[in-house]
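On a predicted model such as this, the values are computed, not experimentally measured, just so you know.
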Amino acid sequence: MESSAFSERLMEFGLTRQEAGIYECLLEEGKITGYETAKILGISRSNAYNSLASMTEKGASYLADEGTTRKYVPVPLEDFCKNYIRRLEETKQWLSAHGPSEKRHVEGYVTIEGAANILDMIRNILFRVEERVYISCTRNYLLLLIDEIETLIRAQKKVVLITDQPVHFDMARVYIGEPRERNIGIIADSRYVITGEYGEGSMNTCLYSGQKNFVELYKRMLANEIELLAIKEEQESLRCGA
């Protein structure tokens, strides 16, 4: 049974690959027996019935008894997603209340690999910003962070962006510099830095640290670039006004 993009996404909500395919089938058919499911998807009846039973436990389907015939109907997609997220939120709250005390290791260096992991780390850093953040990356990558940047601005945090193409955020300071290519760098509250490259293969790596000397070094490097860009802006403004 081949997986569709829809089924692949469903797997992020706790369904196995086969269950995701069956759930997609249920949505399309509305009401269906295990036998019909097996026939449509080309799987064994035992696999179909086992998956449907598991899906009922996971909150993805309901059992609709019609006399001697057992049919299954899908839990509406919106309800299924909301229920899953609600359970995760409840679990998160329990874990936060009962988990062991965490020892933070911000003084060292941590390597973050993988585009999704890098983006998650960046979003978490931006979520924890207390006063100010400096972000250096391409305009295209900035567009992935629109919600986080706008949230910081609404909270009246200082936001400085160094990028390679014009971009507009109310109340954010934007500097346009040389092409960023796949380089990215962020310094938050003069305490944490993440820097590196995102892309394919070995280029998909960033370094995260709260090590004081490293933070200060990166801070000075970014400050020097901003100073040069500010001088360039002033010179261009003078030429335009001449």
> Could you go step by step and tell me if Ile176 and Leu229 meet the side-chain contact (heavy atoms from CB on, under 4.5 Å) rule?
Replying inline: CA-CA 7 Å; Ile176 309 300; Leu229 291 175; over 6 Å; no

> What pairs meet the ring-ring contact (aromatic ring centres under 6.0 Å, His included) rule with one or both residues in residues 150-169, with sequence neighbours excluded?
Replying inline: none

> For Glu181, does the CD atom have more than 12 heavy-atom neighbours from other residues, nucleotides or ligands under 6.0 Å away?
Replying inline: no

> Under the side-chain contact (heavy atoms from CB on, under 4.5 Å) criterion, do Val159 and Met171 qualify, and how do the steps go?
Replying inline: CA-CA 8 Å; Val159 177; Met171 306 303 294; over 6 Å; no

> If you group Ile, Leu, Val, Met, Phe, Trp and Tyr by side-chain heavy-atom gaps below 4.5 Å, do Leu222 and Ile231 land in one group?
Replying inline: no

> Do you know which two heavy atoms are closest between Thr163 and Arg139, and how far apart they sit?
Replying inline: OG1-N, 3.0 Å

> CG/Leu77 to CD/Glu24 distance, rounded to the nearest 0.5 angstrom?
Replying inline: 10.5 Å

> Are Glu225 and Arg180 close enough, and set up right, to give a salt bridge (charged side-chain N to carboxylate O under 4.0 Å, His left out), and what steps lead you there?
Replying inline: CA-CA 13 Å; Glu225 182 179 9; Arg180 307 283 108 174; 2.7 Å; yes

> Within a radius of less than 6.0 Å around CZ of Arg123, do more than 12 heavy atoms belonging to other residues, nucleotides or ligands occur?
Replying inline: yes

> With distance as the sole test, does Ser54 use its side chain to make a donor-acceptor pair with the main-chain N or O of Asn50 at under 3.5 Å?
Replying inline: no

>> Is there a path of hydrophobic side-chain contacts, each under 4.5 Å between heavy atoms, that joins Leu228 and Ile226?
In response: no

> Tell me, which pairs form a ring-ring contact (aromatic ring centres under 6.0 Å, His included) where one or both residues lie in residues 76-97, sequence neighbours left out?
Replying inline: Phe13-Tyr84, Tyr23-Phe80, Trp94-His98

>> Within the structure provided, determine whether Ser190 and Arg132 are in side-chain contact (heavy-atom separation under 4.5 Å).
In response: yes

> Which residue pairs pass the ring-ring contact (aromatic ring centres under 6.0 Å, His included) test when at least one of the two sits in residues 30-53, sequence neighbours left out?
Replying inline: none

> Under 6.0 Å from the CD atom of Glu227, do we count more than 12 heavy atoms belonging to anything else shown?
Replying inline: no

> Can you list every pair that meets ring-ring contact (aromatic ring centres under 6.0 Å, His included) and has a residue in residues 120-144, with sequence neighbours left out?
Replying inline: Tyr141-Tyr198

> Which value, rounded to the nearest 0.5 Å, describes the distance between Leu207 atom CG and Phe214 atom CZ?
Replying inline: 5.0 Å

> Taking a hydrophobic cluster as the set of Ile, Leu, Val, Met, Phe, Trp and Tyr residues connected by side-chain heavy atoms closer than 4.5 Å, whether directly or through intermediates, do Leu144 and Ile149 fall within one such cluster?
Replying inline: yes

> Among side-chain atoms of Ser4 and Ser7, is any donor-acceptor pair under 3.5 angstrom?
Replying inline: yes

>> Lys158: which residues meet the salt bridge (charged side-chain N to carboxylate O under 4.0 Å, His left out) condition with it, sequence neighbours left out?
In response: none

Distance-only donor-acceptor pairs under 3.5 Å for side chains of residues 111-119, two or more places apart:
| from | atom 1 | to | atom 2 | distance (Å) |
| --- | --- | --- | --- | --- |
| Asn117 | ND2 | Glu113 | O | 2.9 |

> So, for Lys58 and Arg87, which heavy atoms are closest and what is the spacing to 0.1 Å?
Replying inline: O-NH2, 3.3 Å

>> Quick check for you: to the nearest 0.5 Å, what is the distance between Ser61 atom OG and Leu27 atom CG?
In response: 10.5 Å

>> Set out, in order, the CA-CA distance, both residues' side-chain angles and the distance that settles side-chain contact (heavy atoms from CB on, under 4.5 Å) for Leu26 and Leu52, then state yes or no.
In response: CA-CA 10 Å; Leu26 286 178; Leu52 284 164; 4.1 Å; yes

> At what distance, to the nearest 0.5 angstrom, does OG1 of Thr151 lie from CG of Leu145?
Replying inline: 11.0 Å

> In terms of hydrophobic clusters joined by side-chain contacts under 4.5 Å, are Leu217 and Ile135 together?
Replying inline: no

> Where do Ile184 and Cys206 come nearest, in terms of heavy atoms and distance?
Replying inline: CG2-SG, 3.8 Å

> Of Leu142, Asn140, Asn183, Thr138, which meets side chain to side chain contact (heavy atoms under 4.5 Å, CB included) against Asp164?
Replying inline: Thr138

> What are the two closest non-hydrogen atoms of Gly14 and Glu19, and how far apart are they?
Replying inline: O-OE1, 4.3 Å

> So with a 6.0 Å cut-off around CZ of Arg45, is the heavy-atom count from everything else above 12?
Replying inline: no

> When rounded to the nearest 0.5 angstrom, what distance separates NZ in Lys212 from CZ in Arg191?
Replying inline: 12.5 Å

> If we ignore angles and hydrogens, is there a donor and acceptor under 3.5 Å between the side chains of Arg86 and Asn83?
Replying inline: yes

> So how far is it from Leu15 CG to Leu10 CG, rounded to the nearest 0.5 Å?
Replying inline: 6.0 Å

> Checking side-chain contact (heavy atoms from CB on, under 4.5 Å) for the pair Tyr62/Val75: CA distance, chi angles, key distance, verdict?
Replying inline: CA-CA 6 Å; Tyr62 296 128; Val75 173; 3.5 Å; yes

> Of the non-hydrogen atoms in Val73 and Ala64, which two are nearest, and what is the gap between them?
Replying inline: CG1-CB, 4.4 Å

>> If I compare all heavy atoms of Leu126 with all of Glu148, which pair ends up nearest, and what's the gap?
In response: CD1-CB, 3.7 Å

